[in-house]
Amino acid sequence: MTPQHTTWHERPNRQDGRPSAAAKPARWAADLVATMREGARLHLDYSAQSLWRVDRMIEEIRREGAPEAAVATVLRGFGAYAGEVIVRQTEGEWWASGGDHWVRTPDGKLWDPVDEAHRAYAGHGSLRLLCRDATSSA
């Protein structure tokens, strides 16, 4: 799970106290929550239990057969949402480097929920299980 290259943590955002590395993934997650509420009538509350519904949504989209490139933005949103769940459950923080975003839990481990969303779409991952592993190790 650990990225192959060195990451760095960006300076805190003075407006909300969260690191600026969190700005993009937090926005992607919020956009996904709004889209799912309005379009799919799915309520996401940033709980670990809500990731069951997210995994099912990813599976449904996969069964429809859309090319991964066509759903990349939605997968990024699902991954960012799972990352926000991990951040909130563990008091972790977002880290960023070269356009990639990871969650660093207090135990120092790095988690890549956006990549895990793509793995789930390919049938080889689960955001629910990623969250379980991240919260149990933190």
Side-chain angles (χ1 to χ4, degrees):
M1 285 261 147
T2 304
Q4 296 298 314
H5 59 282
T6 305
T7 62
W8 51 274
H9 186 254
E10 296 180 7
R11 294 177 188 218
N13 178 334
R14 291 189 186 131
Q15 294 171 347
D16 64 8
R18 293 190 68 187
S20 57
K24 284 184 181 180
R27 180 78 244 155
W28 298 332
D31 289 347
L32 176 85
V33 168
T35 299
M36 290 295 108
R37 182 180 58 243
E38 294 166 13
R41 304 259 185 242
L42 180 65
H43 178 71
L44 298 175
D45 61 2
Y46 293 98
S47 68
Q49 294 80 12
S50 70
L51 293 174
W52 283 90
R53 293 187 295 273
V54 170
D55 276 345
R56 281 197 306 267
M57 286 292 297
I58 292 172
E59 178 61 25
E60 288 175 27
I61 295 168
R62 185 169 70 87
R63 271 193 244 127
E64 291 173 4
E68 189 171 348
V71 295
T73 300
V74 115
L75 292 175
R76 182 186 70 190
F78 283 135
Y81 174 78
E84 277 293 297
V85 171
I86 294 167
V87 165
R88 293 171 185 209
Q89 297 277 320
T90 67
E91 297 184 15
E93 60 187 348
W94 283 99
W95 281 45
S97 177
D100 293 326
H101 293 82
W102 301 277
V103 171
R104 182 175 184 263
T105 50
D107 61 5
K109 291 184 181 175
L110 290 174
W111 305 88
D112 191 343
V114 174
D115 182 61
E116 191 67 14
H118 285 271
R119 290 177 37 74
Y121 188 73
H124 308 293
S126 165
L127 293 172
R128 174 184 57 84
L129 295 178
L130 178 78
C131 180
R132 183 197 67 191
D133 291 348
T135 56
S136 67
S137 77

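Keep in mind that this is a model prediction, so the values were computed, not measured.
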- Closest approach of Leu110 and Arg104, non-hydrogen atoms and distance? CD2-CB, 3.6 Å

- Message: Working to the nearest 0.5 angstrom, can you tell me the gap between Ser50 OG and Leu44 CG?
- Response: 5.5 Å

- Which of parallel (below 30°), tilted (30 to 60°) and perpendicular (above 60°) describes Tyr46 and Tyr81? tilted

- Enclosure of Glu91 CD (heavy-atom neighbours >12, cutoff 6.0 Å): no

- NZ (Lys109) and CD1 (Ile86) are apart, to the nearest 0.5 Å, by 12.0 Å

- Item | Over all atoms of both residues, closest heavy-atom pair of Gln89 and Ala48 | NE2-N, 4.1 Å

- Message: Closer than 3.5 angstrom, by distance alone: can the side chain of Arg128 be matched with the main-chain N or O of Trp52 as a donor-acceptor pair?
- Response: no

- Message: If you compare all heavy atoms of Pro113 against all heavy atoms of Ala82, which two are closest, and at what distance to 0.1 Å?
- Response: CB-CB, 4.2 Å

- Task: Go through Glu60 and Arg56 one step at a time and tell me if the salt bridge (charged side-chain N to carboxylate O under 4.0 Å, His left out) criterion holds.
- Result: CA-CA 6 Å; Glu60 288 175 27; Arg56 281 197 306 267; 5.6 Å; no

- Common cluster, Val114/Met57, ILVMFWY with side-chain heavy-atom separation under 4.5 Å: no

- Task: Check each of Trp95, Trp111, Trp28 against His101 using the ring-ring contact (aromatic ring centres under 6.0 Å, His included) test, and report the only one that passes.
- Result: Trp28

- Item | Where Ala80 and Pro25 come nearest, the two heavy atoms and their spacing | CB-O, 3.3 Å

- Item | Taking every non-hydrogen atom, the tightest pair across Pro106 and Thr90 | CG-O, 3.0 Å

- Query: Are any side-chain N or O atoms of Arg76 and backbone N or O atoms of Ala117, one a donor and one an acceptor, separated by less than 3.5 Å?
  - Reply: no

- Hey, are the side chains of Asp112 and Arg119 touching, using non-hydrogen atoms and a 4.5 Å cut-off? no

- So if you build clusters from Ile, Leu, Val, Met, Phe, Trp, Tyr with side-chain heavy-atom gaps below 4.5 Å, do Ile58 and Leu32 land together? yes

- Shortest non-hydrogen contact between Glu116 and Gly125, atoms and distance: OE2-CA, 3.2 Å

- Between Glu59 and Arg63, is there a side-chain N and carboxylate O pair less than 4.0 Å apart? yes

- Query: With side chains defined as the heavy atoms from C-beta onward, is the minimum distance between Leu75 and Ile61 less than 4.5 Å?
  - Reply: no

